[in-house]
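Working notes for the structure below.
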There are 4 protein chains.
Amino acid sequence: MVTEKKQQILDTALLLFVEQGIQATATAKIAKQANVATGTLFHHFSNKQELVVTLYRSIKDELSQSISQDSADKVHPSDNQVDTLKSTIKSYWHQAIEWAMSHPLKWQFLQQFANDPQFKISQQQDVMTSSMAFLVEAVEQGQQQGVLARLPMPLVLNYCHYHYLAVTTLFIEQPELFQQPSYQDGAFQMFWQGLVTKP
Amino acid sequence: MVTEKKQQILDTALLLFVEQGIQATATAKIAKQANVATGTLFHHFSNKQELVVTLYRSIKDELSQSISQDSADKVHPSDNQVDTLKSTIKSYWHQAIEWAMSHPLKWQFLQQFANDPQFKISQQQDVMTSSMAFLVEAVEQGQQQGVLARLPMPLVLNYCHYHYLAVTTLFIEQPELFQQPSYQDGAFQMFWQGLVTKP
Amino acid sequence: MVTEKKQQILDTALLLFVEQGIQATATAKIAKQANVATGTLFHHFSNKQELVVTLYRSIKDELSQSISQDSADKVHPSDNQVDTLKSTIKSYWHQAIEWAMSHPLKWQFLQQFANDPQFKISQQQDVMTSSMAFLVEAVEQGQQQGVLARLPMPLVLNYCHYHYLAVTTLFIEQPELFQQPSYQDGAFQMFWQGLVTKP
Amino acid sequence: MVTEKKQQILDTALLLFVEQGIQATATAKIAKQANVATGTLFHHFSNKQELVVTLYRSIKDELSQSISQDSADKVHPSDNQVDTLKSTIKSYWHQAIEWAMSHPLKWQFLQQFANDPQFKISQQQDVMTSSMAFLVEAVEQGQQQGVLARLPMPLVLNYCHYHYLAVTTLFIEQPELFQQPSYQDGAFQMFWQGLVTKP
DNA sequence: CATGAATGAGACTTCATTCAT
DNA sequence: CATGAATGAAGTCTCATTCAT
């Protein structure tokens, strides 16, 4: 039941946080650019911190839902176990990339939040990691099947997380690359090759 | 020819920046903890920004030198082209990891700096990328030999950069993992597999 | 629609600026003596400079209005063109002197402002000059009638401006002289003689 | 026995004081622009104030000497008392204007000094006034002869002082006017007319 | 729900001056 | 005589937050 003004504040905050940084953005500026009085901001959020965290949570949830809901039906089942696993992972992968590219501001905010020392969370609790919880399952399965290399899970998850960051960062900085198949396919190819068992 | 006090300031700044964040660290606190008057800080650095950038440059240079100088002699030459290339890259890889693990504060500062929106540099000009300039050479060579996959260079460099971040972040957060061969070797294995030509 | 606090700040600023000089007066002192928090001052004026300029403009306007409005009805019309012109100019002259004597603080502030190199305006745009715009008209008329000497207008205006300063400075420094007719009349006599055609 | 460095400091100070104002000019900047160490400035002048006052005194003396020495021989004696007096005063007048026009920086510094509230001297002790001490004599003589109007001396001196300021200010701001006879002659004509007995 | 004037702690920076070399 | 690193008080300005309307 978010009021119109409250949403204006959240939208403006997202924009300014990404442009100038979270700490560097004054609450007064958010209020002003949202066409709202200073007091109004603190009427909806008791602190600046609460505003930031609320914004974070809403985006995080949005991302989680987007990935888990929309990916499932895109898997191409196959007789070949390897192909099925690869298809599953590829589907999630694309979904995640797609989300980042269609919500660059939100994606950048998540990055900023994760790196802000004031909010710094252990990597283990990060959105990316937790959102990609489904991966654990897929990877474990792949390892048992012998398709994926038997490496320690924390290492693998970190690998997934950072490879995702690598690709989205590159594509958001230079969106024209996102259009080129050599980049899109190459990105997944590297990701996949890093995971599979050595031939 | 850095004065003693100037170095004290830089050392203290590094410590506090990593502990509390760059923006959140007051110049007055740096000066106080460095046993120096406020004015002294501004005698050596005309700005807080200049202090930060100076610190960044010095660490960046240190890292660059450490990697490029110390790695060269660790390569194991071989008759096999593939093995030579792998050995070269592995040597740089280990050197880079080693540096991060022995200078965790400096490494964390580089991370913070790279993510601080006030200093945000295009990722392309980042330390990691520029320091790893030597990689371009090695990768190009590997691609011509058919050892490494022929993927766009920006993608490959990004992959290298972020995989390095993934591993160092994990190891600095949980240093005990750094001791385990399964992690050390696994990290490089994933990295290498991601680069090579599909079998 | 000036808030009460804003006016307190302006009043206090005027007092302190004249007592100690503009540059030498700290914003904190103004706020304190105005029984207002530091932040309040900067809530109403984004700068110290803006405070100073606002004060200047308000006083300048007050002076302009006082001279142009209140002088008109004091002119003694006469059949003699010379007498009418002299009466007009005398009226403005007295009005201007009167204003200075009844607002010594404001008058002194205008002086300080005009001489402060940080705000230094070309003399041509100064209050005195611009406020006395009506003079141009009167002088031109007098010159055409042959009553006033045909001298270059910039020279004449400067003469008026500085003679006004000469007299007000003297009277404000030694107010007892202002009471003596020999001074009051003498001052205007010199002023007028300087303007008229040589006999 | 002024050292070379001391003179460099004085010269630079004069320049910067006029450009930026006395208060606004930092001693460190003076030293730097004079190619001298900070300490050196305080080696020659125990205070900033002493530097300022020293500069003031030297310029004041220079002006006094210039006027009193150089003017005497330019008087054109005549049988006519009126002409002699006028010639005397005109000679001083031109000398004073000449000095201002050939030392604009010094002239501007005197102005700034006289108006700086930190150094503010009663007008009576001002350079201009004291330098023009010779005027008192000439004016008194003129009043006794009936050539000059019998007005109170303080008023007359003030008139002289400010008319001088009026003219020099105008000419220094717009030096091209100084070349035009209509301005030069007009300036003195107004001055003289203001002083003489009403016809 | 909404407003915006008011607050005051605290941030960054400047600067006259000192002193050991 | 000359140097310039060092000092710390003081100045300007920012900002999250409160509260009366």
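On a predicted model such as this, the values are computed, not experimentally measured, just so you know.
Listed by first residue number, the stems of DNA chain F with at least three Watson-Crick or G-U pairs below 3.5 Å are E:2-21 with F:2-21.
A side chain to side chain donor-acceptor pair (under 3.5 Å) check over residues 13-24 of chain C, counting only residues at least two apart or in different chains, returns the pairs C/Q23-C/D116. Annotation: salt bridge (charged side-chain N to carboxylate O under 4.0 Å, His left out) contacts involving residues 20-30 of chain D, sequence neighbours excluded, are absent. Among pairs with a residue in residues 33-52 of chain A, those fulfilling side chain to side chain donor-acceptor pair (under 3.5 Å) read A/S46-A/E50, at least two apart in sequence or across chains.
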Discussion item. Walk me through whether A/Q7 and A/D11 qualify under side-chain hydrogen bond (donor to acceptor under 3.5 Å, both in side chains).
Written reply: CA-CA 6 Å; A/Q7 192 57 50; A/D11 292 346; 3.0 Å; yes

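In this structure, the CD1 atom of B/I9 is 11 Å from the C1' atom of F/dA5, given to the nearest Å. In this structure, A/L51 places its CG atom 15 Å from P of F/dC15, rounding to the nearest Å. Rounded to whole Å, the distance from CD on D/Q7 to C1' on F/dC1 is 17 Å. Summarising the geometry, the separation between CD on A/Q8 and C1' on E/dC1 is reported as 14 Å, rounded to the nearest angstrom. At whole-Å resolution of the value, NZ in A/K32 and P in E/dT3 are 14 Å apart. Between A/I30 atom CD1 and F/dT17 atom P there is a gap of 11 Å when expressed in whole angstrom units.
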Discussion item. Can you build the contact string for nucleotides 6-13 of chain F? Use B for base contact, S for sugar-phosphate-only contact, and - for no protein heavy atom under 4.0 Å.
Written reply: SBB--SSB

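A/K60 forms no cation-pi arrangement with A/F113, by the criterion of a distance under 6.0 Å to the ring centre and an angle within 45° of the ring axis.
No side-chain heavy atom of B/Y56 sits under 4.5 Å from any side-chain heavy atom of B/F119.
With sequence neighbours excluded, the residues that form a side-chain contact (heavy atoms from CB on, under 4.5 Å) with A/F42 are A/T27.
D/N115 and D/Q111 share no side-chain donor-acceptor pair at under 3.5 Å.
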